[in-house]
Amino acid sequence: MSVIAERLTCTPTDEVSALLPVVGGATTVPLVDGTHRVYANLDYAASAPALEAVAARVTEVLPLYASVHRGAGYLSQVSTALYESARETIARFVDARPDDVAIVTRNTTDSLNLLAGVVPDGGRVLVLDAEHHANLLPWVQSSERHGNRTTILPIKDTVAGTLVALGSELARLPYALLTITGASNVTGEALPIDRVVALAHAAGTRVAVDGAQLVPHRGFSLAQTDVDYVAFSGHKTYAPFGAGALVGRRDWLDTGTPYLAGGGAVRDVRADRTVWQPAPARHEAGSPNVIGAIALAEACDRLAALPAGALAAHEEALRARLVAGLSGIDGVEVARIWPDSDAPVGVLTFTVPGHDPGLVAAFLAAEHGIGVRDGRFCAHPLLAHLGATGGAIRASVGVGTTSEAVDRLVTALTAYLATGPAVRYEVVDGCWAVVDDTRPLLAVHGLDRLAATAAAACGPALDD
């Protein structure tokens with residue numbers, strides 16, 4: 001695997017506690033040896049658990065739920081006020097400028113597809129090949145639909161080299177938009193946003209940031225960075241209730257093609273014409289996800305209320321501990337995109353050369369109660385760049401993670417390489433599973449056997 005191993009000279013020893021309480025933080029899971037352990041959730045980058053405060057807020061507002069915007073009833077007025085207040089909170093969380101608009105979406109993928117539809121027809125879009133598919137495929141599709149020619153620029157092996165390549169490409173052709181990740185969902189690394197924005201704006205190009213990993217891990221400021229648009233997801237921001245957001249400059253959103261056609265997005269409809277609303281209503285046709293928006297706003301408020309630097313310090317301590325532990329195991333390689341990248345977030349990918357990532361992940365789950373992600377993480381071009389076309393293993397942390405979870409992963413991987421699995425595994429429908437697994441699932445919707453749903457649980461092989 002063509003990676004640069006991340007090495008530390010010492011192993012952090014201070015205990016790290018959870019920063020905020022999350023729902024399910026004490027949930028136990030059955031292991032194949034018949035015992036139970038508290039689940040070590042190291043898969044925050046895929047979907048983060050709800051904050052306890054978010055779940056409590058949802059419970060509080062559910063009795064107040066009703067239709068919004070066009071209801072005369074008292075609860076409709078209350079729900080409308082809650083929804084619009086949530087929009088203001090979401091915008092404030094990313095430090096939106098006074099003239100920015102916040103649109104409530106389903107998630108980051110939804111937000112970026114929406115944005116792709118409002119780039120002026122014929123405008124060129126520039127994107128790097130290190131992106132999650134959510135920030136790659138919408139622009140390819142937009143090229144086909146709107147004539148917005150998309151250039152996919154290969155990254156270089158250093159931040160400095162990638163910035164030079166970006167600058168050269170921005171000078172070569174006029175681009176309407178440059179869209180980049182705020183933090184890689186594979187390694188947690190990123191290009192320096194201030195330098196990217198300076199390069200783009202000097203060339204007359206707007207900048208969009210895929211903030212799915214950055215926003216919940218570090219926070220973000222549109223005003224300070226001068227980024228034009230940011231997209232992020234509630235399910236990665238401790239509010240997994242189906243809402244996300246796109247926040248940014250109003251002009252494209254006021255005039256671009258509505259994302260969905262339907263009620264609420266229009267001012268007047270006749271047989272021969274339609275008059276659309278301006279943003280945000282223009283892009284929120286149909287009944288909005290009121291509860292999801294309120295949940296996301298509550299998560300934003302809770303994260304914003306943390307002491308300055310606490311979120312970064314918590315993740316940096318956990319990541320340093322994880323890197324040190326994994327780097328000390330012979331036979332484990334930690335992936336890096338750019339050796340000169342600073343302050344990656346709490347997302348880390350590694351391989352165990354000679355061992356299938358799916359098998360390693362299944363072992364960690366079945367024998368140690370650890371949840372990680374294996375595959376290509378919806379970032380196939382980047383995994384190919386890293387030499388991991390067969391997939392890798394990702395561990396990611398968040399506000400509910402403790403040092404015990406990180407230490408357990410290091411101990412489990414050490415045991416795996418020393419003695420191997422204690423039980424037999426086989427591939428079933430493309431996924432690794434314990435042979436003759438008898439562990440019962442929790443009593444949810446009549447499911448009573450883990451083995452019966454193994455294929456459905458692991459999903460498409462090699463993807464996120």
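All values below come from the heavy atoms of this structure, side chains included, with hydrogens, waters and symmetry mates left out. Numbering starts at 1 and runs along the sequence shown.
Closest of all the heavy-atom pairs between V186 and A379 is CG2-CB, 3.8 Å. In plain terms, the two heavy atoms of L115 and A208 that are nearest each other are CD2-CB, 3.7 Å. In this structure, L382 and A130 approach most closely via the heavy-atom pair CD2-O, 3.7 Å. For the residue pair V16 and A317, the shortest heavy atom distance occurs at CG2-CB, 4.0 Å. Shortest non-hydrogen contact noted between E333 and P353 is CD-CG, 3.9 Å. Residues A405 and T401 share a closest heavy-atom pair of CB-CG2, 4.3 Å.
For the side-chain hydrogen bond (donor to acceptor under 3.5 Å, both in side chains) test, no residue two or more places apart in sequence or in another chain qualifies with S396. Here T414 pairs with nothing under the side-chain hydrogen bond (donor to acceptor under 3.5 Å, both in side chains) rule; sequence neighbours left out. With sequence neighbours left out, T35 forms a side chain to side chain contact (heavy atoms under 4.5 Å, CB included) with L31, D33. Remark: A91 engages A96, A102 in a side chain to side chain contact (heavy atoms under 4.5 Å, CB included) (not counting sequence neighbours). Under the side-chain hydrogen bond (donor to acceptor under 3.5 Å, both in side chains) criterion, E298 pairs with R302, sequence neighbours left out. Applying the side chain to side chain contact (heavy atoms under 4.5 Å, CB included) test to H201 and every residue at least two apart in sequence or in another chain returns V197, V207, D226, D228. For R424, there are no salt bridge (charged side-chain N to carboxylate O under 4.0 Å, His left out) partners two or more places apart in sequence or in a different chain. Qualifying salt bridge (charged side-chain N to carboxylate O under 4.0 Å, His left out) partners for E131, counting only residues two or more places apart in sequence or in other chains: none. With sequence neighbours left out, the side chain to side chain contact (heavy atoms under 4.5 Å, CB included) criterion links E426 to V428, V435. Residues forming a side-chain hydrogen bond (donor to acceptor under 3.5 Å, both in side chains) with H314 (at least two apart in sequence, or on another chain): none.
Between E316 and R319, none of the side-chain N atoms (NZ, or NE/NH1/NH2) sits under 4.0 Å from a carboxylate O, so this pair counts as no salt bridge. In summary, R92 and E88 do not engage in a salt bridge, as defined by a charged side-chain N under 4.0 Å from a carboxylate O. In summary, R321 and D407 engage in a salt bridge, as defined by a charged side-chain N under 4.0 Å from a carboxylate O.
Rounded to the nearest 0.5 Å, atoms CD (E189) and CD1 (I155) are 9.0 Å apart. Remark: T179 OG1 to N135 CG distance equals 3.5 Å, nearest 0.5 Å. Of the inter-residue distances, the one linking I337 atom CD1 with T187 atom OG1 reads 3.5 Å to the nearest 0.5 angstrom. Separating the NE2 atom in H132 from the CG atom in L112 is a distance of 10.0 Å, to the nearest 0.5 Å. Rounded to the nearest 0.5 angstrom, L222 CG and F93 CZ are separated by 11.5 Å. Rounded to the nearest 0.5 angstrom, E60 CD and I294 CD1 are separated by 9.5 Å.
You'll find the side chain of L62 reaches within 4.5 Å of the side chain of I291, heavy atoms only. Using a 4.5 Å heavy-atom cutoff, the side chains of L153 and D129 are not in contact. Looking at L126 and I152, their side chains never come closer than 4.5 Å, going by heavy atoms from C-beta outward. Taking the side chain as every heavy atom from C-beta outward, L178 and R206 never approach each other to under 4.5 Å. With contacts defined as side-chain heavy-atom distances shorter than 4.5 Å, the pair L253/L246 qualifies. Looking at I103 and L114, their side chains come closer than 4.5 Å, going by heavy atoms from C-beta outward. Contact of the R249 side chain with the R97 side chain is registered, since non-hydrogen atoms from C-beta on lie closer than 4.5 Å. The shortest side-chain heavy-atom distance between T27 and V38 does not fall under the 4.5 Å cut-off.
The ring of H217 has its center no closer than 6.0 angstrom to the ring center of Y44. For an aromatic pair to be called close, the ring centres must be under 6.0 Å apart, and F241 with H235 fails this.
Of the possible donor and acceptor atoms, none in the side chain of S111 sits under 3.5 Å from a partner among the backbone N and O of A231. Using a distance-only test at 3.5 Å, with no hydrogens or angles considered, a donor-acceptor pair links the side chain of Y238 to the main chain of V399. Judged by distance alone, with hydrogens and angles left aside, the side-chain atoms of R106 form no donor-acceptor pair with the main-chain N or O of G244 at under 3.5 Å. Put simply, the side chain of H283 gets close to the backbone of Y259: a donor and an acceptor are under 3.5 Å apart. Counting only distance, with no hydrogens or angles, the side chain of N107 and the backbone of F232 share no donor-acceptor pair below 3.5 Å. The backbone N or O of L177 lies less than 3.5 Å from no partner atom in the side chain of T205, so there is not a single donor-acceptor pair. A distance-only check finds no donor-acceptor pair linking the side chain of H368 to the backbone of I370 [under 3.5 Å]. Side chain of S142 to backbone of A116: a donor-acceptor contact under 3.5 angstrom is found. Between the K236 side chain and the A48 main chain, no donor and acceptor come within less than 3.5 Å of each other. In this structure a side-chain-to-backbone donor-acceptor pair under 3.5 Å is present from E315 to G346.
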Checklist entry - Could you go step by step and tell me if Y416 and H355 meet the ring pair (Phe, Tyr, Trp, His ring centres under 6.0 Å) rule? => result CA-CA 10 Å; Y416 173 87; H355 299 266; 5.2 Å; yes
Next on the checklist: Using the rule given for side-chain contact (heavy atoms from CB on, under 4.5 Å), can you reason through L348 versus V323, listing the C-alpha separation, both sets of side-chain angles and the distance that settles it, and then say yes or no?
Outcome noted: CA-CA 8 Å; L348 181 147; V323 170; 3.1 Å; yes
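In summary, the side chains of T402 and S17 do not present any donor paired with an acceptor at a separation below 3.5 Å, with no hydrogens or angles considered. No hydrogens or angles considered: a donor-acceptor pair under 3.5 Å links the side chains of E15 and S403. Using modelled atom types and a 3.5 Å distance limit, the side chains of Y175 and E169 yield a donor-acceptor pair.
If you run side-chain hydrogen bond (donor to acceptor under 3.5 Å, both in side chains) between S233 and each of T105, T108, D210, only T108 comes through.
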Between side-chain atoms of residues 158-165 and protein atoms elsewhere (two or more places apart, or another chain), which donor-acceptor pairs fall under 3.5 Å?
from: T158; atom 1: OG1; to: G161; atom 2: N; distance (Å): 2.9
from: T162; atom 1: OG1; to: K156; atom 2: N; distance (Å): 3.1
from: T162; atom 1: OG1; to: K156; atom 2: O; distance (Å): 3.4
from: T162; atom 1: OG1; to: T158; atom 2: O; distance (Å): 2.9
from: T162; atom 1: OG1; to: W338; atom 2: NE1; distance (Å): 3.1

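Identified under the salt bridge (Lys or Arg N to Asp or Glu O under 4.0 Å) test for residues 348-364, with sequence neighbours left out: none.
In this structure, R149 forms no cation-pi arrangement with W139, as its terminal cationic atom is not both closer than 6.0 Å to the ring centre and no more than 45° off the ring axis.
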